[in-house]
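Everything on this sheet refers to the single structure shown next.
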Amino acid sequence: MKTLLTLLGGITVSAQPVALLAEQTGVLNMFGERTTKLEGVDSDTFNLATGNDEQNEKYNLNAKRNKNYGIGLMKEAQGKDASFLKKNLAIFKYSDPNSGKEEVIYNMAVSATNGSGENLKSFIIKNDKNDGYVSVESDVSTSETSYNASTTAFSSIYNRLGRKDYKTKYLAYADNNVGKNKKINILDIEPDAVNKDKKLQLDMPNEFSESAQVLKVYAPTRQLNDSSKDNHIYMFFTSESKYFVTSYDLNDCFTENNTNGNLDSSRMGNVKVMTQELPSIPTNPRNINFSLGNDNQVTLNFMSGADFYSYSIVKGQDPINNVITNFDKQEITYITNTDHRGSGDSQQTIFAATDSNNEEAIYYMDGNKMVKLFELLPQKFTEKYKEKDVYEDKGVNGFYSYYDEINRNYNIVVTTNQSIYQYSYKNPQNMISGGVARKILFLDSPLNIIGKPGISILNNSIVYSGDKLEYSFKNIIENNEPIYTSQVFEKLDLKTLQTNPFYYNANRNFDKRQDYVDDFKNQLSYSLRGFDEKGPESKVKNPIISQQKIRDIFAGSKLGTDYNIEITDSNLIPENRYGQIQESGNVTISNIESSNTSRFRNSFLQSSTTNYINRFDLSNTDLWFPWEDGHEVSFDDYNSMIGWVYNSIQDSLEKLSGFENEILWKEFDDVWEINDWYSNSEELDSWDSGWGFTNGNVLPDPESGFYTLEGIKLRPKAKDSQLSNDFLFIGSGEEFINLPKLKVKMNIKDNDFGKKDNIVNKIDLNSKVKEVQNLQFNGIGLTTETKGLSGEKNLKQIQRRLNKHRLLDPGIGLDIIENKNYNLSANSSKLTVRMFDRAFEYSKNPLIESSQIDGFNYITIEVTIYGLKAPSSMPRWVTPVLAFGGMSIIILLIMSTWFISRKRFYKSAVGKEAAKIAQAKRREEKNKK
């Protein structure tokens with residue numbers, strides 16, 4: 001009867017096949033076939049309402065799960081007709097993979113009965129997203145309400161883009177009329193199309209008498225690529241003490257060319273009806289269900305008395321009786337099909353049966369033999385009744401088959417009143433090979449006053465939807481007997497995750513490594529799910545997972561609660577390293593073992609690349625201060641002292657880990673800035689205080705001759721009105737950093753500075769030209785490249801080399817001229833540069849070559865740099881590859897020569913030995929003569 005539920009499939013996605021872990025035991029069952037060892041529930045006890053061991057005041061329901069599975073928290077069923085679910089008969093699912101619409105669940109249920117036990121009403125109930133459980137149809141046959149007899153889900157097979165496709169958007173059911181007035185109704189269950197006034201109808205066949213009774217309505221569960229079975233509805237009925245099967249062929253009832261799978265009401269007259277009478281069978285068949293056999297033939301199965309009957313329904317032939325050779329009077333209860341998706345894969349009939357020892361097991365039909373897959377394992381409840389153990393009921397009350405689109409395995413699900421079992425396998429051609437049988441959930445029910453469990457899973461309420469198994473249960477201990485829903489699902493094995501590399505770029509500057517770590521994890525979590533913190537509408541570029549259903553799992557999971565991300569390679573976000581960080585490595589995405597709601601198990605190494613700038617906190621003065629407090633230096637002039645201060649700051653910052661590859665030259669003026677050395681103010685607490693030696697009242701120490709400089713201050717070059725930038729910030733919150741006290745002995749030409757730009761305070765640059773031009777500037781390791789971004793970087797490195805020359809007066813600076821078309825030569829090259837007084841300013845305008853007016857003091861000169869190389873035209877990887885290849889060739893030649901020489905040696909040795917033996921034989925023969 002649960003065959004019908006296998007229609008309810010979803011969208012198949014590409015994912016790595018899950019590893020099936022359990023092994024077969026090899027123990028022979030009663031039919032001489034192997035049975036699979038059952039894995040039990042092995043988690044700690046948790047509360048189904050909270051997901052952990054914390055009890056809920058309202059819902060105190062404990063459970064255990066198999067650790068390969070997770071659960072959804074229980075919630076009370078809502079909607080005006082939710083109470084009807086207490087008498088649930090079946091469950092169906094609207095599913096159209098190509099519509100883009102969400103799956104919708106429909107239940108077949110019956111209302112309460114009157115005092116005589118007669119059914120009052122049967123309903124088709126929609127689980128509406130907004131309104132909860134609401135009846136959408138009540139004109140349903142109530143002839144047999146203990147089983148799903150009158151209703152089936154109908155999958156329409158159609159032509160889409162040159163291939164066969166299918167969708168489940170109709171329910172077919174017998175209505176409540178009698179005799180010739182009875183109809184098979186077809187209801188469109190598309191979410192926005194449910195309208196009982198638009199249902200289509202099929203007439204009863206001629207054999208259907210006034211007293212006839214519908215026993216079962218069925219439609220095949222899978223696309224079979226066989227027009228004699230696709231788009232068919234089957235009805236099993238009894239009339240005048242005879243039994244019949246009628247098939248309705250709807251292939252000609254769809255819209256023209258059947259390109260969308262929608263039935264056309266104007267073409268319903270094209271239905272083809274065929275009725276076949278079954279041979280004489282005992283009366284009162286029970287546990288009736290159709291299925292697809294492993295030959296993909298539609299088969300009618302039922303119990304009658306102590307016997308099991310199975311008839312193949314073949315068009316144009318009488319029903320064929322299939323005899324089970326090893327049937328041993330088991331009571332066969334539930335029957336369903338496998339959910340094999342490939343058109344070339346045959347289906348298998350699956351059923352539950354109770355043997356003479358009252359042991360319940362799950363079987364499948366292999367030809368004409370029953371093969372046991374696994375046995376059910378009832379267990380005791382934690383609560384005792386009068387100090388005695390109470391065990392759960394092992395009778396099957398639900399059966400379901402589906403294909404897991406996430407883990408890519410086939411599954412058979414069995415429910416009892418308190419447990420859910422699952423059999424998973426990956427080979428449709430050999431179900432028992434490598435299959436895994438698990439008890440995946442046990443509801444540790446409290447007991448009522450007579451020692452019976454108060455929690456019971458509803459009959460036929462299990463369905464695979466939204467990549468989870470959903471089920472419903474009732475609590476008969478509570479007065480109002482509320483209905484609850486929950487989920488259980490196989491966890492995604494992270495070992496099988498398929499991703500692209502993750503590239504991390506910080507969206508902002510952070511002050512601490514942990515902030516970058518947290519941001520990295522958040523951005524990776526966004527890339528795993530496909531959208532950022534703003535929600536599903538805010539998509540990320542290039543998510544690292546291509547499969548939407550896998551992304552959806554991460555979207556429904558919470559970082560730190562359901563899974564963890566740990567940086568495995570610490571170099572990705574290094575500690576105490578600053579400047580541009582560009583690293584590659586791995587991070588670990590792992591499950592949280594203690595989480596009962598997590599969708600994941602195991603772990604996965606994710607390849608990642610980071611690219612960001614880590615700022616340095618200038619408040620950490622013990623890591624970078626350029627000189628100690630009271631440090632003493634001597635210079636011929638204060639200009640050289642000023643340049644020395646600039647250089648000392650640059651050198652100390654560039655010694656920080658990571659900054660060694662940066663150029664933190666003061667005159668670039670984009671990373672740090674220093675207060676002006678000149679000021680007449682005697683206030684040292686402000687940024688404009690000067691360094692403390694230009695005020696006329698300041699004199700050197702009369703004994704030592706040293707000036708004491710206490711006003712040197714430093715701060716990051718401001719960015720966006722903030723006293724910070726990509727490289728530096730002040731974590732203490734101060735506006736600037738006071739550098740240590742510096743004692744300087746220097747020759748000041750005019751102790752009373754007066755105006756800062758007094759000519760006597762400036763270096764005579766023309767007198768320094770020859771001295772600078774005679775310096776040999778080292779360009780080894782740099783190139784002649786000047787164009788593009790790489791050329792710009794190369795020129796900056798050349799500028800750095802010029803100013804790092806140990807014999808260059810620190811009061812003099814040399815700079816590349818902006819927008820000048822440099823044409824450099826290899827080995828030795830002339831270079832036009834600005835030479836300037838570092839105590840004053842200079843212009844980078846290529847048209848104004850010199851100036852000593854106002855605050856300027858610079859000229860333009862040529863210097864020579866040696867050792868430059870022409871840039872290589874080959875990619876960087878070519879040279880090491882060629883070097884490696886060359887070494888390989890040399891090694892190969894040496895080994896070949898060695899082998900050849902050894903071979904010749906052995907040949908020679910063998911030849912000599914053979915000659916000696918031959919000579920000895922000749923002597924021996926000669927002596928005999």
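What you are looking at is a predicted structure, and each value in this text was computed from that prediction instead of being measured.
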Check step by step if side-chain contact (heavy atoms from CB on, under 4.5 Å) holds for Asp688 and Ser679.
CA-CA 7 Å; Asp688 299 322; Ser679 176; 5.7 Å; no
Might you confirm whether atom [atom1] of [X] has over 12 heavy atoms from other residues, nucleotides or ligands at distances under 6.0 Å?
X      : atom1 : result
Glu660 : CD    : yes
Asn505 : CG    : yes
Gln514 : CD    : yes
Asn542 : CG    : no

Salt bridge (charged side-chain N to carboxylate O under 4.0 Å, His left out) involving [X] - partner list, sequence neighbours excluded:
X      : value
Lys558 : none
Arg551 : none
Arg838 : Glu667
Asp552 : none

Cationic N near anionic O, under 4.0 Å, [X] to [Y]:
X      : Y      : value
Asp815 : Lys844 : yes
Arg601 : Glu490 : yes
Asp676 : Lys756 : yes

Are the ring centres of Phe520 and Phe502 closer than 6.0 Å?
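That pair passes the under 6.0 Å test.
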Do Tyr858 and Phe840 have ring centroids that are under 6.0 Å from one another?
no
Measuring from [X]:[atom1] to [Y]:[atom2], what's the distance to the nearest 0.5 Å?
X      : Y      : atom1 : atom2 : value
Asn509 : Asp515 : CG    : CG    : 11.5 Å
Asn738 : Thr621 : CG    : OG1   : 11.0 Å
Leu494 : Ile550 : CG    : CD1   : 9.5 Å
Ser648 : Lys666 : OG    : NZ    : 14.5 Å
Ile763 : Met835 : CD1   : CE    : 8.0 Å
Lys67  : Asn591 : NZ    : CG    : 10.5 Å

For the residue pair [Y] / [X], report whether a side-chain donor-acceptor contact shorter than 3.5 Å exists.
X      : Y      : result
Asn68  : Asn66  : yes
Ser640 : Asp637 : yes
Asp617 : Ser619 : yes
Thr588 : Thr568 : yes

Pairs touching [range] that satisfy salt bridge (Lys or Arg N to Asp or Glu O under 4.0 Å), sequence neighbours left out:
range            : value
residues 496-505 : none
residues 520-540 : Lys521-Glu566
residues 498-512 : Asp511-Arg615

Is the closest side-chain heavy-atom distance between [X] and [Y] below 4.5 Å?
X      : Y      : value
Gln799 : Trp665 : yes
Phe706 : Glu632 : yes
Asp701 : Thr708 : no
Trp627 : Val645 : yes
Tyr707 : Tyr638 : no
Leu664 : Trp672 : yes
Leu441 : Tyr69  : no
Asp651 : Lys804 : yes

Hey, mind stepping through Ile71 and Thr597 against side-chain contact (heavy atoms from CB on, under 4.5 Å) and telling me if it holds?
CA-CA 5 Å; Ile71 59 100; Thr597 57; 4.1 Å; yes
My understanding is that only residues two or more places apart in sequence, or in another chain, count here; which of them pass side-chain contact (heavy atoms from CB on, under 4.5 Å) with [X]?
X      : value
Asp53  : none
Lys655 : none
Asp44  : none
Thr786 : Leu795, Tyr822, Leu824

Can you say whether the rings of Phe727 and Phe659 are parallel (under 30°), tilted (30 to 60°) or perpendicular (over 60°)?
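Because their plane-to-plane angle lies in the 30° to 60° range, the rings of Phe727 and Phe659 count as tilted.
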Using 30° and 60° as the class limits, which term best fits the ring planes of His631 and Trp644: parallel, tilted or perpendicular?
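Judged by the thresholds at 30° and 60°, the geometry between His631 and Trp644 is parallel.
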Criterion side-chain contact (heavy atoms from CB on, under 4.5 Å) on Arg65 and Asn596, from CA distance to verdict:
CA-CA 8 Å; Arg65 61 177 176 86; Asn596 291 298; 2.7 Å; yes
From CA spacing to verdict: side-chain contact (heavy atoms from CB on, under 4.5 Å), Asn407, Thr496
CA-CA 9 Å; Asn407 293 295; Thr496 67; 5.7 Å; no
Looking only at heavy atoms, what is the nearest atom pair of [X] and [Y], with distance?
X      : Y      : result
Gly556 : Asp562 : O-OD2, 4.4 Å
Thr783 : Ile798 : O-CD1, 4.1 Å
Ile553 : Arg599 : CG2-CB, 3.4 Å
Ile589 : Gln606 : CD1-CB, 4.0 Å
Asp467 : Phe489 : O-CB, 4.2 Å
Leu728 : Asn725 : N-OD1, 2.8 Å

Please step through ring pair (Phe, Tyr, Trp, His ring centres under 6.0 Å) for the pair Phe554 and Tyr563, ending with a clear verdict.
CA-CA 9 Å; Phe554 279 98; Tyr563 68 99; 5.3 Å; yes
Do any side-chain atoms of residues 573-580 form donor-acceptor pairs under 3.5 angstrom with protein atoms, and if so which ones, sequence neighbours left out?
{"unit_1": "Arg577", "atom_1": "NH1", "unit_2": "Glu583", "atom_2": "OE2", "d": "3.3"}
{"unit_1": "Arg577", "atom_1": "NH2", "unit_2": "Glu583", "atom_2": "OE2", "d": "2.7"}
{"unit_1": "Gln580", "atom_1": "NE2", "unit_2": "Asn611", "atom_2": "OD1", "d": "2.6"}

